[in-house]
Number of protein chains: 2
Amino acid sequence: MTSEPPVPAKRSRRSSGAVTLHDVARLAGVAPITASRALNTPAQVSPEVLKKVQEAVARTGYVPNRLAGGLASTRSRLVALVVPTVSGPVFLDTIQALTETLDAAGYQLMVGQAGYEGRREDALLEAIIGRRPDGIVLTGILHSDASRRRLLASGIPVVETWDLTPTPLDMLVGFSHQAVGEAVARYLHGRGRRRLATLSGDDPRAQQRAAAFARAAQALGLPPVRAHVVPAPTTLQAGRGALAALMPGLAGQGAGAADAVDAVFCSSDLLALGLLTEARVQGLDVPADLAVVGFGNLEMAAQAAPAISSVNINGAGIGEQAARFLIARAEGQAVAERVVDIGFELIERQSS
Amino acid sequence: MTSEPPVPAKRSRRSSGAVTLHDVARLAGVAPITASRALNTPAQVSPEVLKKVQEAVARTGYVPNRLAGGLASTRSRLVALVVPTVSGPVFLDTIQALTETLDAAGYQLMVGQAGYEGRREDALLEAIIGRRPDGIVLTGILHSDASRRRLLASGIPVVETWDLTPTPLDMLVGFSHQAVGEAVARYLHGRGRRRLATLSGDDPRAQQRAAAFARAAQALGLPPVRAHVVPAPTTLQAGRGALAALMPGLAGQGAGAADAVDAVFCSSDLLALGLLTEARVQGLDVPADLAVVGFGNLEMAAQAAPAISSVNINGAGIGEQAARFLIARAEGQAVAERVVDIGFELIERQSS
DNA sequence: CTGAAAGCGCTAACAC
DNA sequence: GTGTTAGCGCTTTCAG
């Protein structure tokens with residue numbers, strides 16, 4: 001064992017106490033930088049040295065300090081994700097795919113919630129930029145223009161997702177909400193529905209789909225689309241509650257009145273399932289009296305009875321692509337295409 | 001002094017290019033350390049200096065580099081969260097509360113997925129420890145014993161959640177799964193149910209609830225509990241599919257056979273809703289023919305028709321308490337109580 | 001209340 | 001292939 005120094009170290013700064021690369025290097029009998037290379041670029045090091053360093057690592061339980069590494073290399077291997085709120089089920093697949101893809105490449109995910117209001121947005125951005133992440137993934141919108149400029153100024157690669165804005169900040173993986181609205185309107189029209197309605201959360205993307213849906217219906221010669229808006233995030237309860245608003249005649253005359261709504265496009269599967277549940281309770285027949293189409297294609301849409309038609313978005317694909325973009329950028333590779341339209345798919349089920 | 005080369009420093013390392021504290025200090029006409037104090041401990045600085053520094057910050061758009069700060073202070077202001085998988089809805093409230101509480105105190109959340117299998121567990125742990133977080137929150141179990149020892153050895157404060165293990169690693173916020181199982185069994189017995197069954201995911205905590213449920217039923221003099229197990233994470237589909245297994249007589253003779261199951265305790269609301277849906281499709285009357293109790297008290301339980309009885313866990317409370325524990329520890333405060341039993345509540349609804 | 005010096009743990013530059 | 005040196009940007013320690 002090592003002999004204890006009789007006098008305590010004089011004015012040494014209190015180190016974290018953890019094993020450092022220095023310790024490993026000393027144990028292996030090499031210079032710190034060599035130990036560093038053995039760990040990071042093993043190809044640049046002789047097999048013997050490599051082995052000795054690995055042994056030293058194993059013996060000491062050394063775990064590299066990525067804070068120090070990040071500071072020295074200006075590469076934090078951290079990616080920040082901004083979501084409106086983590087508890088909406090919508091972005092879950094995206095988050096999961098993001099985490100997995102990043103993690104396979106040695107990156108870690110940091111999560112920040114911007115809220116649907118966007119009051120704390122500036123503070124969040126500062127917290128994120130301060131960590132010097134190698135990339136930022138935005139889901140949903142950045143509210144203020146100042147925020148957008150600030151992000152841009154930070155020089156950190158950014159991927160916007162879940163939308164196809166005309167003026168991307170940097171990179172983008174999304175789909176056209178307008179195209180979704182149009183496709184659903186055409187679909188319902190094709191199925192013989194004539195009195196269309198929308199039930200949407202009040203976030204900008206849902207509103208975009210609803211507006212495109214209404215325009216497309218009009219273009220098809222249908223009567224004006226009844227639009228009901230509920231606050232985001234959407235809930236089952238809001239869906240249940242909305243039936244009365246959408247079909248005011250219900251209580252008195254039953255369905256089937258000439259001008260009764262016969263199809264509703266919901267901005268989320270939650271709303272759709274809520275609507276469906278309430279319709280059943282009220283004795284309405286779905287799809288005979290009322291067709292319902294959701295958005296997001298959560299498991300609950302497929303497993304409801306009747307199964308709910310829904311717009312499927314490849315959320316995992318979005319997450320994975322976003323991660324690839326960021327990793328490529330961090331590795332210094334040039335990204336040829338900076339915008340990916342991941343599309344969507346209308347899944348037809350019993351509810352329509 | 002070493003002799004200065006006559007030419008200016010050529011071999012300067014490529015700095016990140018961002019504004020640094022030095023820049024701010026120079027602009028404000030003070031030493032870097034004074035600028036640092038103006039930002040971190042404004043009370044220690046004269047009002048004039050404070051003002052000048054703040055102006056310099058505003059003018060330059062300075063954002064402190066927390067990597068550097070963390071390295072120097074050995075406080076990263078980062079908290080790591082480990083979840084089995086991010087896409088289960090169960091931990092969402094916990095994650096949200098955690099994020100919010102941390103963030104209000106200037107901490108950021110890092111997310112890692114351990115998976116239900118726990119193959120990558122070691123790599124994940126290394127990635128986490130390497131960032132030197134000020135705390136780690138564990139939801140669900142750490143699979144290997146080596147992992148637990150390694151975590152402990154890292155010296156990082158740990159909060160385990162969603163369980164009440166007899167031997168906590170460090171701090172703990174949870175509830176007793178055994179007590180849940182017992183309470184539900186007693187409740188169903190009190191409601192006159194006699195042929196009980198469980199439908200559970202195969203994760204350890206769900207199994208614990210199911211086992212306690214079965215033991216309690218036996219203690220109450222009821223016949224053996226039929227137990228059906230499905231792989232975690234649980235799904236609506238698994239719930240729908242399980243009905244046939246739980247009530248094999250269904251197709252032939254209808255419900256009401258003397259030994260037919262008359263109550264099922266599900267390990268998640270997803271399973272409960274799936275079961276309920278399939279029961280309705282099969283013409284079974286819930287609760288008359290079959291009582292259903294879920295777990296988690298997701299919105300879908302309350303909003304289903306009939307509404308599903310469920311065990312409510314204060315997930316947000318868990319997240320908030322965990323954050324408080326970690327923040328207190330990081331600020332050097334002694335935590336008196338290291339274990340909090342957050343309890344649970346059986347919410348009685350129409351389904352039972 | 002303010003500052004100079006030292007160094008957190010690591011890696012980019014340059015030698016040899 | 002390996003080592004030396006000089007920082008990354010900040011905060012601690014010690015002095016005024």
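Just so we're on the same page: letters track the sequence lines, and every chain starts at 1.
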Interatomic distance where CD1 belongs to B/Ile129 and P belongs to C/dG9 [whole Å]: 16 Å
Atom-pair distance (CG on A/Leu67; P on C/dT11), nearest Å: 12 Å
Contact check, side chains of A/Thr99 and A/Ile95, non-hydrogen atoms, under 4.5 Å: yes
Options C/dC1, C/dC10, D/dG9, nucleotide nearest the side-chain atoms of A/Pro64: C/dC10
Length of the line joining B/Leu39:CG and D/dG9:C1', which is rounded to integer Å: 13 Å
Under 4.0 angstrom between A/Asn40 side-chain N/O and C/dT11 OP1 or OP2: yes
Donor-acceptor pair under 3.5 Å, A/Arg37 side chain vs D/dG3 base: yes
Flag, side chain of B/Thr101 to backbone of B/Leu98, donor-acceptor distance under 3.5 Å: no
Nearest listed nucleotide, side chain of A/Asn65, among C/dC8, C/dC10, D/dC10: C/dC10
Under the salt bridge (Lys or Arg N to Asp or Glu O under 4.0 Å) test, residues paired with B/Arg37 that sit two or more places apart: none
From D/dT11, C/dC10, D/dG9, nucleotide with atom closest to A/Ala72 side chain: C/dC10
For atom CZ of A/Arg131 and atom P of D/dG9, their distance in whole Å: 17 Å
Donor-acceptor under 3.5 Å (A/Arg77 side chain, A/Ala105 main chain): yes
Integer-rounded Å distance: C/dG9 P and B/Arg132 CZ: 8 Å
Donor-acceptor under 3.5 Å (A/Gln113 side chain, A/Val86 main chain): yes
Interatomic distance where CG belongs to B/Leu71 and P belongs to D/dC10 [whole Å]: 12 Å
Per-pair distances, 0.1 Å, donor-acceptor, side chain in residues 151-170 of chain A, under 3.5 Å, sequence neighbours excluded:
from	atom 1	to	atom 2	distance (Å)
A/Ser154	OG	A/Leu151	O	2.6
A/Ser154	OG	A/Ile156	N	3.2
A/Glu160	OE1	A/Leu169	N	2.7
A/Thr161	OG1	A/Leu138	O	2.8
A/Trp162	NE1	A/Thr94	OG1	3.2
A/Asp170	OD1	A/Arg329	NH2	2.8
A/Asp170	OD2	A/Val158	N	2.9

Sub-4.5 Å side-chain heavy-atom contact between A/Val53 and A/Val24: yes
Atom-to-atom span, CD of A/Gln44 to P of C/dC14 - whole angstrom: 16 Å
Neighbours of DNA chain C within residues 18-36 of chain B, by heavy-atom distance under 4.0 Å: B/Val30, B/Ala31, B/Ile33, B/Thr34
